[in-house]
Amino acid sequence: MSTMKRGGPLEGVRVVELTKVWAGPYTGKQLAFLGAEVIRVESLGSLDVTRVYGVDDINNAPGFKAVNPQKLSVQIDMKTEAGIKLLLDLLAEADVVVENLRPGAVTRLGLGYEQVKAVNPDIVYVSMGMYGSEGPLSYQTGYAPCFAALGGLSSLVGYEGEAPTGMNIRYADSTFGTTAAFATTVALLHRRRTGEGQFIDVSAVESMTSMIGDAVMDFTLNGKVAACDGNRHAEMAPHGVFPCQDGEWISIAVTDNVAWQRLVNAMQAPELAEYASLADRKAREDELEARVSAWTSTQKAESLAEQLQQCGVAASKSLSSLDLIANQQLWLRRFYQQVSDQHGQSRSILGPSWKMSRMASVVDDAPALGQHNDYVLGEILGLTEQQQQELAAAGVTR
């Protein structure tokens with residue numbers, strides 16, 4: 001089976017995406033960055049919300065472009081019998097399929113694991129659901145805020161005595177998607193060793209709960225239910241984000257008694273040196289945070305962070321999206337990469353968050369809807385131009 005040459009450890013692996021919104025596409029994004037040929041199956045009659053949200057041009061939507069670089073797009077209407085046949089033919093030529101449609105949808109369409117396994121016995125089939133595909137709640141579906149809440153994270157985000165405030169929705173989707181990508185690569189390694197494909201059942205709730213194992217273990221060992229505590233840390237004080245001039249913020253983490261003395265010296269507040277132990281500082285944490293805030297509010301965040309780092313205190317400016325775009329470290333590491341869209345226009349995108357010495361560094365833009373119909377239908381499935389025209393005329397591939 002020949003695929004587009006991508007470079008990277010997964011070169012030669014073909015992935016078919018039956019995905020929507022963020023988590024499933026994020027899985028494909030990670031696999032594409034590792035060199036896999038990732039084919040998104042889409043249709044004009046059932047567009048991904050990220051293609052249409054807040055924009056008029058479905059091929060120039062920021063949300064879609066952010067999560068779908070380095071992929072191919074083929075238009076196949078999964079609501080038609082002919083479309084399902086085409087999809088099964090495509091899956092017969094694939095190594096991996098990733099789906100995060102509503103529970104039961106793929107089985108009703110005739111694209112469940114057993115149905116796909118019948119045409120491709122060694123397929124790695126990745127199913128992503130809020131509660132996974134088994135158990136009494138597997139019928140339920142939801143979005144990232146649900147994942148974070150049901151996984152136990154939302155209850156930890158906020159300040160003492162206040163209601164939980166939640167978190168940015170992308171965190172849950174991206175974590176869930178990365179978990180699925182990790183499981184996929186392991187399954188591919190297993191298949192290479194044994195020749196066996198398998199079904200991978202990934203739960204968003206379980207993915208999120210795995211991020212707070214310490215809180216779960218604390219109850220198991222000590223009977224303590226973790227609660228919101230702002231940015232505080234059980235073994236560091238002060239530990240938080242403090243206001244600076246111009247509406248900016250600085251993160252400061254005092255890791256031990258030596259770092260505390262260094263912060264006291266930087267603040268020129270010798271009277272605070274009496275809080276020499278962690279226990280002393282935790283007992284007066286409100287007071288200390290107020291003193292630190294009063295000091296930082298008179299400072300520039302970036303220069304103060306540099307000053308504290310030089311004297312051995314862990315500190316950094318809390319960066320905005322504009323700060324990140326201007327961050328020279330990220331540009332020098334080629335985290336931001338130049339790509340050209342289907343019209344030849346150049347722009348920058350976020351590349352992989354890793355560097356590999358034996359991996360190609362060229363990244364492509366997210367695809368236009370159906371941009372790779374000719375390649376998928378012609379080269380992979382071997383359809384003639386006349387057959388492709390007939391399918392397009394019937395509305396199956398447009």
Side-chain angles (χ1 to χ4, degrees), residues 1 3-4 6-41 67-74 87 90-101 103 105-106 111-117 119-134 138 144 147 170 172-208 210-211 351-354 356 358-360 363 366 380:
M1 177 178 68
T3 60
M4 285 189 173
R6 294 292 193 181
L10 294 186
E11 182 173 88
V13 172
R14 175 171 292 145
V15 179
V16 174
E17 265 194 37
L18 309 177
T19 65
K20 295 285 188 178
V21 195
W22 201 277
Y26 199 84
T27 300
K29 175 182 177 180
Q30 302 299 308
L31 299 175
F33 279 164
L34 288 170
E37 177 191 83
V38 179
I39 302 171
R40 279 189 59 84
V41 178
V67 78
N68 291 287
Q70 196 78 339
K71 298 182 186 178
L72 312 182
S73 171
V74 62
L87 260 175
L90 178 58
L91 292 170
E93 301 296 327
D95 300 288
V96 177
V97 58
V98 180
E99 72 87 10
N100 76 327
L101 306 183
V106 287
L111 299 169
Y113 176 55
E114 294 301 329
Q115 294 151 312
V116 173
K117 185 180 177 183
V119 300
N120 190 341
D122 64 350
I123 191 78
V124 172
Y125 192 110
V126 185
S127 178
M128 303 173 65
M130 186 165 74
Y131 277 110
S133 64
E134 296 180 342
S138 60
F147 305 162
R170 295 172 184 83
D173 272 338
S174 300
T175 302
F176 180 27
T178 300
T179 299
F182 171 75
T184 302
T185 57
V186 174
L188 286 169
L189 175 61
H190 175 265
R191 192 183 71 165
R192 189 181 73 179
R193 295 172 57 190
T194 67
E196 300 173 341
Q198 61 181 295
F199 180 79
I200 301 176
D201 182 3
V202 192
S203 160
V205 172
E206 292 168 18
S207 298
M208 300 311 294
S210 70
M211 306 296 291
S353 52
W354 59 80
M356 302 177 72
R358 296 183 181 274
M359 181 173 172
V363 175
I380 297 178

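Looking at heavy atoms from C-beta onward, Q30 lies in side-chain contact with W354 at the 4.5 angstrom threshold. Taking 4.5 Å as the limit, every side-chain heavy atom of I39 sits out of range of all side-chain heavy atoms of E93. Side-chain contact between S133 and Y113: absent, with no pair of heavy atoms (C-beta onward) separated by less than 4.5 Å.
Of the inter-residue distances, the one linking L34 atom CG with M356 atom CE reads 6.5 Å to the nearest 0.5 angstrom. Residue M211 holds its CE atom at 14.5 Å from CD of E206, rounded to the nearest 0.5 Å. Annotation: the span from N100 atom CG to K20 atom NZ amounts to 9.5 Å, rounded to 0.5 Å. Interatomic distance, F199 CZ to I123 CD1, rounded to the nearest 0.5 Å: 12.5 Å.
Between L91 and L111, the shortest heavy-atom contact is CD1-CD2, 4.2 Å. When every heavy atom of P25 is checked against every heavy atom of T19, the shortest pair comes out as CG-OG1, 3.4 Å. Of all the heavy atoms in Q115 and V106, the pair that sits closest is OE1-O, 4.2 Å. When all heavy atoms of V202 and S207 are compared, the closest pair comes out as CG1-OG, 4.1 Å. Heavy atoms only, all atoms of each residue included: T27 and A180 are closest at OG1-CB, 3.5 Å. Closest of all the heavy-atom pairs between V15 and A36 is CG2-CB, 4.0 Å.
Remark: the backbone N or O of G197 is not paired with any side-chain donor or acceptor of D122 at under 3.5 angstrom.
Looking at residues two or more places apart in sequence or on another chain, you find no side-chain hydrogen bond (donor to acceptor under 3.5 Å, both in side chains) involving N120. Among residues two or more places apart in sequence or in another chain, the side chain to side chain contact (heavy atoms under 4.5 Å, CB included) test is passed with A366 by F64, K65, N68. With sequence neighbours left out, A187 forms a side chain to side chain contact (heavy atoms under 4.5 Å, CB included) with V124, Q198, I200. Partners of P69 under the side chain to side chain contact (heavy atoms under 4.5 Å, CB included) rule, at least two apart in sequence or in another chain, are K29, F33, I349, V363. Judged as a salt bridge (charged side-chain N to carboxylate O under 4.0 Å, His left out), and not counting sequence neighbours, the contacts of E17 are R40, K71.
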Exercise. Between K117 and Y125, is a side-chain contact (heavy atoms from CB on, under 4.5 Å) present by the stated rule, with each step listed?
Worked result: CA-CA 9 Å; K117 185 180 177 183; Y125 192 110; over 6 Å; no
Problem set entry | side-chain contact (heavy atoms from CB on, under 4.5 Å) between V41 and L87, worked out | CA-CA 9 Å; V41 178; L87 260 175; 3.7 Å; yes
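Applying the side chain to side chain donor-acceptor pair (under 3.5 Å) test to every pair with at least one member in residues 175-187, sequence neighbours left out, gives no pairs at all.
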